[in-house]
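Each remark here refers to the structure printed beneath this line.
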Amino acid sequence: MRYIYKRIIRFQDTDAAGVVYFANILVICHEAYEDSLGKVEINLKSFFTNPNFAIPIVHASVDFRFPLFCGDQILIESNPEIINENFFKIQYKIGLDNSDQLIAEATTKHICINPKTRQRQPLPPEIINWLE
């Protein structure tokens, strides 16, 4: 499910140089992920505290092309992709709202596990539905 999330860069997102702190791009991408789950009516509270499954991020990467500053209005395009029965990735493209300029690209990889055994298990139906 391709999803667009709109956000304004806040002062708290920036570092002492006045640009977005590198790790905060991943925080913003995770906001987009959570928002997209909510749009398909996945209850975030029960999703993130479910005793039957957990979906941790096992890899994250970001490539930066240009800086972002406090007050910038951005769009985050997220494109999730199922890899196999227990693994998916999300690719993010971050750009300015009023421009086609690509500011950054990020990827997160997620795996479904049983929270008790910590062993891989199939993705739950609500995530399969979200991915489609």
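A quick note: this is a predicted structure, and the numbers were derived from the prediction, not measured.
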In Å, rounded to the nearest 0.5 Å, how long is the span from CD1 of Ile128 to CD of Glu85? 9.0 Å

Distance, nearest 0.5 Å, that separates CD1 of Ile74 from OG of Ser99: 13.0 Å

One should read off an interatomic distance between Ile57 CD1 and Tyr33 OH, to the nearest 0.5 angstrom, of 7.0 Å

Approximate separation, where rounding is to 0.5 Å, of Lys109 NZ and Ile90 CD1: 12.5 Å

For the student: nearest non-hydrogen atoms of Lys45 and Thr49, plus distance: O-OG1, 2.6 Å

With a 4.5 Å heavy-atom cut-off, do Pro67 and Val20 have their side chains touching? no

Any Lys/Arg nitrogen of Arg7 or Asp13 sitting under 4.0 Å from an Asp/Glu carboxylate oxygen of the other? yes

Separation between CD1 of Ile4 and CG of Asp97, rounded to the nearest 0.5 Å: 10.0 Å

For Tyr92 and Tyr3, I'd like to know if the aromatic rings sit close, meaning centre-to-centre distance below 6.0 Å. no

Tell me whether Phe48 is reachable from Leu26 by hopping between hydrophobic residues (I, L, V, M, F, W, Y) whose side-chain heavy atoms are closer than 4.5 Å. yes

Listed by chain and number, what are the ring-ring contact (aromatic ring centres under 6.0 Å, His included) partners of Phe88, not counting sequence neighbours? His110, Trp130

Tell me which donor-acceptor pairs under 3.5 Å the side chains of residues 116-127 have, and how far apart each pair is, sequence neighbours excluded?
unit_1, atom_1, unit_2, atom_2, d
Lys116, NZ, Pro51, O, 3.3
Thr117, OG1, Gln119, N, 3.3
Gln121, NE2, Asn52, O, 2.8

I want to check something: taking the side chain as every heavy atom from C-beta on, are Ile28 and Ile9 in contact at a cut-off of under 4.5 Å? yes

Find the distance between OG (Ser61) and CD (Gln91) and round it off to the nearest 0.5 Å. 9.0 Å

Looking only at heavy atoms, which two atoms of Leu44 and Gly38 are closest? And how far apart? CD2-N, 4.4 Å

Closest approach of Cys70 and Thr14, non-hydrogen atoms and distance? N-CG2, 3.9 Å

Out of curiosity, does Leu131 fall in the hydrophobic cluster containing Ile55 (side-chain heavy atoms, cut-off under 4.5 Å, transitive links)? yes

More than 12 foreign heavy atoms under 6.0 Å from CD of Gln101: is that the case here? yes

Hydrophobic cluster membership, with links at side-chain heavy-atom distances under 4.5 Å among I/L/V/M/F/W/Y: are Ile113 and Ile82 in one? no

Leu102 meets the side-chain contact (heavy atoms from CB on, under 4.5 Å) criterion, sequence neighbours left out, with Arg65, Lys93, Glu105

If Ile, Leu, Val, Met, Phe, Trp and Tyr residues are connected whenever their side-chain heavy atoms lie under 4.5 Å apart, and connections chain through other members, are Leu37 and Ile111 in the same group? no

For Ala32 and Ile76, the nearest pair of non-hydrogen atoms, with its separation, is CB-CG2, 4.0 Å

Leu68 vs Leu96 side-chain heavy atoms within contact, under 4.5 Å: yes

When you check the side-chain N and O atoms of Asn79 and Glu77, is any donor under 3.5 Å from an acceptor? yes

One pair to check against side chain to side chain contact (heavy atoms under 4.5 Å, CB included): Ile83 and Lys89. What are the steps and the verdict? CA-CA 7 Å; Ile83 304 300; Lys89 70 178 179 179; 4.1 Å; yes

According to a hydrophobic-cluster definition based on side-chain heavy atoms being under 4.5 Å apart (Ile, Leu, Val, Met, Phe, Trp, Tyr only), do Phe22 and Val62 belong together? yes

Less than 4.5 Å apart, any side-chain heavy atom of Phe64 and any of Ile25? yes

Side chain of Asn129, backbone of Glu132: donor and acceptor closer than 3.5 Å? no

